[in-house]
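In what follows, chains are A, B, ... by sequence order, proteins preceding strands, each numbered from 1.
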Amino acid sequence: MSETDSQNNILSPEQVAQKGEEIYKNKLKSILEPKENGKFIAIEVISENYFVGDSILEALETAKKEYPDQLFHTIKIGYQGVFKMGSYIKGALSYEWNS
Amino acid sequence: MNGILNPNQSPKITIDLYGSLSKPQSFEVVIDTGFTGGISMPLIKALPLGLVLFSTATFTLADGSKENTFLCLGMARVNGIQKSVIISLNKGNDILIGTEFLSSFNIKLELDYKNKTFDFNISNETLGNHQPKTIL
């Protein structure tokens with residue numbers, strides 16, 4: 001059985017993350033960087049719509065108002081990751097998928 | 001609020017966390033100033049709170065490597081002040097609060113490594129404006 005339920009457009013979290021990274025890299029990075037560096041973007045990967053906010057909470061709240069039932073992928077514009085994590089919890093964070 | 005630094009030289013405090021399906025529950029959390037996010041908590045502690053799964057995201061670690069996580073929306077309450085917070089899930093044992101959490105609550109944190117103590121206070125500005133904003 002495929003991970004995707006194509007009839008219902010339901011994606012696994014891994015697929016949401018992969019599609020979100022692809023959409024950002026191929027379509028949004030050149031539009032948003034460097035002008036919006038430091039802001040957060042929540043991407044709805046089926047419609048490819050995106051929502052920018054000064055904080056991750058702001059971006060996700062705006063996205064959820066438009067798509068209340070969807071899972072988003074979040075990126076910090078111009079950065080490798082949305083947050084930095086120190087050494088306190090190293091090795092205990094990852095949920096494995098190919099990024 | 002004040003206390004003694006834990007063996008990892010980090011302060012530990014107690015805060016209330018809750019989601020859409022639960023009453024506030026008290027948790028001991030580690031203040032990790034090397035973490036730039038809000039809250040990171042083990043999946044097994046997050047599930048009973050009924051947190052809303054919101055997003056996938058990638059974090060960077062101190063060595064430059066990247067790791068993946070899930071982000072949930074929940075509520076946090078500190079000294080009677082409550083706010084919406086983004087909670088990332090981890091597979092460890094500890095709940096961490098990071099610099100975004102400290103910033104959103106206007107926390108003043110003073111660490112005394114000589115005496116192994118800390119002082120944790122919320123600014124008067126926050127105490128005077130604490131209506132919760134929630135979309136749960």
For V82(A) against A57(B), the heavy-atom pair lying closest together: CG2-CB, 3.7 Å

Test item: M85(A) and T69(B) side chains (from C-beta on) under 4.5 Å apart, heavy atoms: no

Nearest heavy atoms of P13(A) and F70(B), plus distance in Å: CB-CE2, 3.0 Å

Contacting moiety of L57(A), where chain B heavy atoms sit under 4.5 Å: both

Sole candidate of K19(A), E14(A), Q18(A), H73(A) that passes side chain to side chain donor-acceptor pair (under 3.5 Å) when paired with T56(B): H73(A)

Criterion side chain to side chain contact (heavy atoms under 4.5 Å, CB included) on L71(B) and I56(A), from CA distance to verdict: CA-CA 10 Å; L71(B) 304 179; I56(A) 193 167; 3.4 Å; yes

Minimum heavy-atom distance between T74(A) and S55(B), given as atom pair plus value: OG1-OG, 2.5 Å

CD-OG1 distance between E21(A) and T58(B), expressed to the nearest 0.5 angstrom: 4.5 Å

Side-chain touch K64(A)/V52(B), heavy atoms, less than 4.5 angstrom: yes

Transitive ILVMFWY side-chain link F118(B) to Y113(B), under 4.5 Å: yes

Inter- and intrachain pairs under ring-ring contact (aromatic ring centres under 6.0 Å, His included), touching residues 76-104 of chain B, at least two apart: F101(B)-F105(B)

Heavy atoms from other residues, nucleotides or ligands near OH of Y79(A) exceed 12 (cutoff 6.0 Å): no

Reported OG1-to-NZ distance for the pair T36(B) and K84(A), which is rounded to 0.5 angstrom: 7.5 Å

